[in-house]
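Note that the structure is a prediction, hence the values are computed from the model and not measured. Letters go in sequence order (proteins before strands), and every chain restarts at 1.
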Amino acid sequence: MTDPAAIRDLPRPNNRRWSWFGVFALLFLAGAQAFALLTSPPDRDMGDLQKIWYVHVPSAWMSLLAPGAVLVFSLRYLWKRREGDDLLAASAAEVGAVFSGLTLVLGMLWGRPAWGVWWVWDARLTSMLVLFLILVGYLSLRAFVEDPERRAQWSAAVGILGAINAPIVYMSVKWWRTLHQVQSSPSTMDPAYVLGVRLNAFAFLFVMIYFIRRRYEAACLERAAEHAAEAVALGGR
Amino acid sequence: MAEQNWAFVAAAYVATWIMILGYWAHVHAAVRRARRAYDHATAAPASRPGEA
């Protein structure tokens with residue numbers, strides 16, 4: 001038996017505030033990219049290839065944040081059994097899969113000119129690929145399990161286990177000898193690039209929050225429609 | 001070499017925007033589809049013949 005939490009959590013229709021937030025996030029992203037591209041000097045060693053940082057690094061950070069959100073919502077679901085938390089975890093997982101996929105693509109576009117290869121099985125790249133596959137597996141699991149309660153429980157377990165991989169991805173460049181450089185952060189990069197990376201990180205964060213919120217809205221509506229259909233079916237007997 | 005690098009930089013930004021705008025369109029389509037399904041499900045009892 002499902003509880004009607006999805007109906008209680010249903011976002012208000014025509015929520016213009018979130019639509020405006022989405023427009024703001026896109027404009028902020030465009031502005032941050034323009035600022036970074038136009039103001040940052042070429043790197044001494046990498047030249048203009050350094051400009052890939054402004055999309056690759058924020059995308060990688062979002063790939064690590066999203067599993068953190070999956071972990072938090074999955075734990076909260078197992079604790080409170082609130083259906084909205086399950087839907088939030090699923091939304092974060094889908095968005096995380098998109099960003100980790102993008103991170104891999106951008107990494108390859110960086111690797112070819114910088115290292116001479118599209119792909120190498122080093123610890124950072126491999127662990128990021130594993131993270132991507134875990135998130136895809138999480139979404140596949142949800143697609144195959146029909147019972148909402150069982151689906152929520154199983155995917156919460158996978159989400160919690162999968163989130164363990166995020167710190168492994170982050171620490172992989174320290175724990176193993178890798179071709180990938182150490183973690184990119186304001187402390188490891190030239191001050192000329194810090195503001196551009198920060199602005200783009202916030203832009204990616206805003207876009208990710210917007211995506212998760214919209215995906216959650218769709219998931220709530222889907223569940224509410226299922227609840228309504230169930231109620232009609234039971235009432236019609 | 002520098003021009004080749006710019007090709008990779010351009011490809012990275014194009015890939016980013018394709019992903020973001022593509023997923024944007026996907027999510028909005030999902031919301032529209034779900035809202036239609038919800039409206040249909042909640043309107044169903046009233047539209048069924050023979051029911052009060």
- Item | Pair Tyr23(B)-Glu94(A), side-chain hydrogen bond (donor to acceptor under 3.5 Å, both in side chains): steps then yes or no | CA-CA 10 Å; Tyr23(B) 190 66; Glu94(A) 186 176 297; 2.6 Å; yes
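Contacts between Met108(A) and chain B at a heavy-atom distance below 4.5 Å are absent for every atom of the residue. When heavy atoms are compared at a cutoff of 4.5 Å, Tyr54(A) approaches chain B by way of both its backbone and its side chain. For Trp17(B), the part sitting under 4.5 Å from any heavy atom of chain A is the side chain, from C-beta outward, and nothing else. Heavy atoms of Ile18(B) lying under 4.5 Å from chain A are absent altogether. Both the backbone and the side chain of Leu49(A) have a heavy atom closer than 4.5 Å to some heavy atom of chain B. Heavy atoms closer than 4.5 Å to chain B are found in both the backbone and the side chain of Ala30(A). For chain B, the nearby parts of Leu26(A) are the backbone and the side chain; heavy atoms of each come within less than 4.5 Å.
For the pair Ser59(A) (side chain) and His56(A) (backbone), a donor-acceptor distance under 3.5 Å is absent.
Between Phe24(A) and Phe206(A), the angle of the ring planes lies from 30° to 60°, which puts this pair in the tilted group. Note: Phe211(A) and Trp24(B) have perpendicular aromatic rings, judged against thresholds of 30 and 60 degrees for the angle between ring planes. Note on ring orientation: taking the six-membered ring where Trp is involved, the planes of Phe99(A) and Phe204(A) are tilted (angle from 30° to 60°).
From Leu125(A), atom CG reaches atom CE of Met128(A) across 9.0 Å, with rounding to the nearest 0.5 Å.
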